[in-house]
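Here's the structure, in structure tokens; my notes come after.
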Amino acid sequence: MPKPSSLPSRSLTLVWLALVVATLAGWQLGESAQHAHGPARAAVAGVVAIAFLKVLAVGLQFMELREAVWFLRAGFCVWVIGAMTALIAILVLR
């Protein structure tokens, strides 16, 4: 079993690695949409969704909202999901 002091650093490393992978995925999605003749709105919606999921990960892990009182954490999650949904709806429906 790992030492308790190594657990936060492992968690931070895993979240950081997930953020790097998400950044590369968003970049690839944006690049492929730019050169494709297909529906670019779906790709833009995907990039926006990836960006908001990254915001959620940063807020929960690096801003320590995961350990905050439930109403702060819930308010942040509701705001992120609501803003993401509204922006994607605007992009898709226009």
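- Of the possible donor and acceptor atoms, one in the side chain of Arg41 sits under 3.5 Å from a partner among the backbone N and O of Arg94.
- In the hydrophobic cluster analysis, where Ile, Leu, Val, Met, Phe, Trp and Tyr join through side-chain heavy atoms closer than 4.5 angstrom, Val44 is grouped apart from Trp27.
- Tested against Phe52, the residues Leu87, Ile81, Thr85 include a single side chain to side chain contact (heavy atoms under 4.5 Å, CB included) partner, Leu87.
- Counting heavy atoms from C-beta on, the side chains of Cys77 and Leu60 come closer than 4.5 Å.
- Residues Leu19 and Phe62 form a side-chain contact, since some pair of their non-hydrogen atoms from C-beta on lies under 4.5 Å apart.
- Within the 4.5 Å cutoff, no side-chain heavy atoms of Leu56 are placed close to those of Trp79.
- Ile50 approaches Ala22 most closely through the heavy-atom pair CG2-O, 3.4 Å.
- The hydrophobic clustering, which links ILVMFWY residues whose side-chain heavy atoms are closer than 4.5 Å, places Trp70 and Leu72 together.
- Of all heavy-atom pairs between Val92 and Ala45, the closest is CG2-CB, 4.4 Å.
- The shortest non-hydrogen separation linking Phe76 to Val55 is CZ-O, 3.6 Å.
- Although no hydrogens or angles enter the test, the distance criterion places no donor-acceptor pair under 3.5 Å between the side chain of Arg66 and the main chain of Gln61.
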